[in-house]
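Note that these values count all heavy atoms, side chains included, but never hydrogens, waters or copies made by symmetry. Numbers for residues simply follow the sequence, beginning at 1.
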Amino acid sequence: MHKYYMQKTHVNKLFTLVFLTMLVMLMSVKPVKASTIILDFTSNPSTNIFGVSTNAFDSSPFGFTGLSHSQVIDSIFDTVVEDFFGYVYPSLPPGKELDLDFEIGTIGSGPLNGDTDYSYFKIGEDYLNQTGALGHACLSCALTDNFTYSAGAVVGSIFTDNLLGLAQLALTDEDRINLIAGTTSHEIGHALSLPHPTSAEANPGESSFGLMGTGASPTSMPNGERILDRAFSYSNFEQLISAVGLRDIAVDVPEPGTVILMLLSLTLLASRKKLSK
């Protein structure tokens, strides 16, 4: 009787472990976040809040040699995400990240994550030649608690035909990606409250100029800096933290069903071994 009681107790402990593991797993599932930036490379044409229309993004004139068009789009997107989440900043507490999400999407379709607070940035050609700018955006209007425009507005654009004039500075595909992605992150920075700096600023990137640097006044950044892997300056990142807030870094976990089956199998295996002794 004593041996049977010990075996039963062992099985109960294993099932308790399974239950607790499932509970922790469910608590670790990444929740939907409150602010999403959607990058649109394909709408043709589309019009932003300034009344400027763009065609879809055409990567072919840039001279990419090792990337397909879809790979170029994915690389631009990944680099933009890296600009906001990929660097270490003293003002960023361990285990925290900006409370911000990014998606590739199409204007009017809404975000895949179901957020109700979202805005669009259009990457494409200014086919009517309405502006000579590399890009533009409204200041602070993508902030969740300070929407200047309603959710779902196209609050900024990156004009790749105008960027093409700087493509001769790029010697590699990475340079070309940095040129387009850096301008995209710059305009998103404006929509999240960041202004142009008056000079180079300390930052963790490859350039002495942060991502908010501009070739015009007040920064007067040399165009050659645009092909480098730039980052937001330390002071700019502090402002981003203040503007959008922070969240816990979510831990990716396997699908619940997979984990449950694995744990149950281990439990039954352990129980059989114990009972056979």
Shortest non-hydrogen contact from [X] to [Y]?
X	Y	value
Phe64	Ser59	CD1-O, 3.7 Å
Leu143	Val244	CD2-CG1, 3.9 Å
Ala137	Phe121	CB-CE2, 3.9 Å
Asp83	Ala181	OD2-O, 4.2 Å
Gln130	Gly51	NE2-O, 3.4 Å
Ser75	Leu67	OG-CD1, 4.1 Å

Is [Y] close to [X] at the side-chain level, that is, under 4.5 Å between some pair of heavy atoms?
X	Y	result
Ser91	Phe237	yes
Lys96	Ile249	no
Thr47	Val154	no
Leu163	Thr183	yes
Leu100	Leu192	yes
Asp117	Asp115	no

Has the side chain of [X] got a donor or acceptor atom that lies under 3.5 Å from a matching backbone atom of [Y]?
X	Y	answer
Thr219	Pro197	yes
Asp99	Arg247	no
Ser185	Gly182	no
Glu125	Thr54	no
Arg226	Leu166	no
Asp161	Asp126	yes
Gln239	Asn236	no
Tyr89	Pro204	no
Ser68	Gln71	yes
Tyr120	Gly105	no

Could you check whether [Y] and [X], counting side-chain N and O atoms only, form a donor-acceptor pair closer than 3.5 Å?
X	Y	answer
Asn48	Ser157	yes
Asn203	Ser233	no
Ser43	Asp40	yes
His190	His196	yes
Thr36	Glu103	no

Look at the side-chain heavy atoms of Ile, Leu, Val, Met, Phe, Trp and Tyr, link any pair under 4.5 Å apart, and say whether [X] and [Y] land in one connected group.
X	Y	value
Val72	Val80	yes
Leu179	Phe209	no
Met212	Met221	no
Leu228	Leu134	no

Rounded to the nearest 0.5 Å, how far does [atom2] of [Y] lie from [atom1] of [X]?
X	Y	atom1	atom2	answer
Leu139	Leu194	CG	CG	8.5 Å
Arg176	Leu171	CZ	CG	7.5 Å
Ile38	Leu112	CD1	CG	7.5 Å
His186	Thr214	NE2	OG1	5.5 Å
Leu39	Phe57	CG	CZ	12.0 Å
Ile177	Thr172	CD1	OG1	9.5 Å

Criterion side-chain contact (heavy atoms from CB on, under 4.5 Å) on Phe62 and Ile180, from CA distance to verdict:
CA-CA 10 Å; Phe62 283 86; Ile180 302 171; 4.0 Å; yes
Looking at residues at least two apart in the chain, or sitting in another chain, which of them share a side-chain contact (heavy atoms from CB on, under 4.5 Å) with Asn44?
Asn55, Ala56
Could you walk me through whether Phe232 and Tyr234 pass ring-ring contact (aromatic ring centres under 6.0 Å, His included), step by step?
CA-CA 7 Å; Phe232 288 110; Tyr234 295 112; over 10 Å; no
Whether Glu225 and Arg230 form a salt bridge (side-chain N of Lys/Arg under 4.0 Å from carboxylate O of Asp/Glu) is what I want to check.
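The answer is no: the pair does not qualify as a salt bridge.
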Give a yes or no on whether Glu201 atom CD has more than 12 heavy-atom contacts from other residues, nucleotides or ligands under 6.0 Å away.
yes
Starting from the C-alpha separation in whole Å, work towards a yes-or-no answer on side-chain contact (heavy atoms from CB on, under 4.5 Å) for Ile76 and Ile123.
CA-CA 10 Å; Ile76 293 170; Ile123 296 90; 5.5 Å; no
Can you classify the ring geometry of Phe102 versus Phe85 as parallel (below 30°), tilted (30 to 60°) or perpendicular (above 60°)?
perpendicular
Angle between ring planes, His136 versus Phe50, binned at 30° and 60°: parallel, tilted or perpendicular?
tilted
Between Leu240 and Phe84, is a side-chain contact (heavy atoms from CB on, under 4.5 Å) present by the stated rule, with each step listed?
CA-CA 9 Å; Leu240 283 176; Phe84 287 86; 4.2 Å; yes
Please assess Ile37 against Ser119 for the test side-chain contact (heavy atoms from CB on, under 4.5 Å), listing each intermediate value before the final yes or no.
CA-CA 5 Å; Ile37 302 293; Ser119 53; 3.5 Å; yes
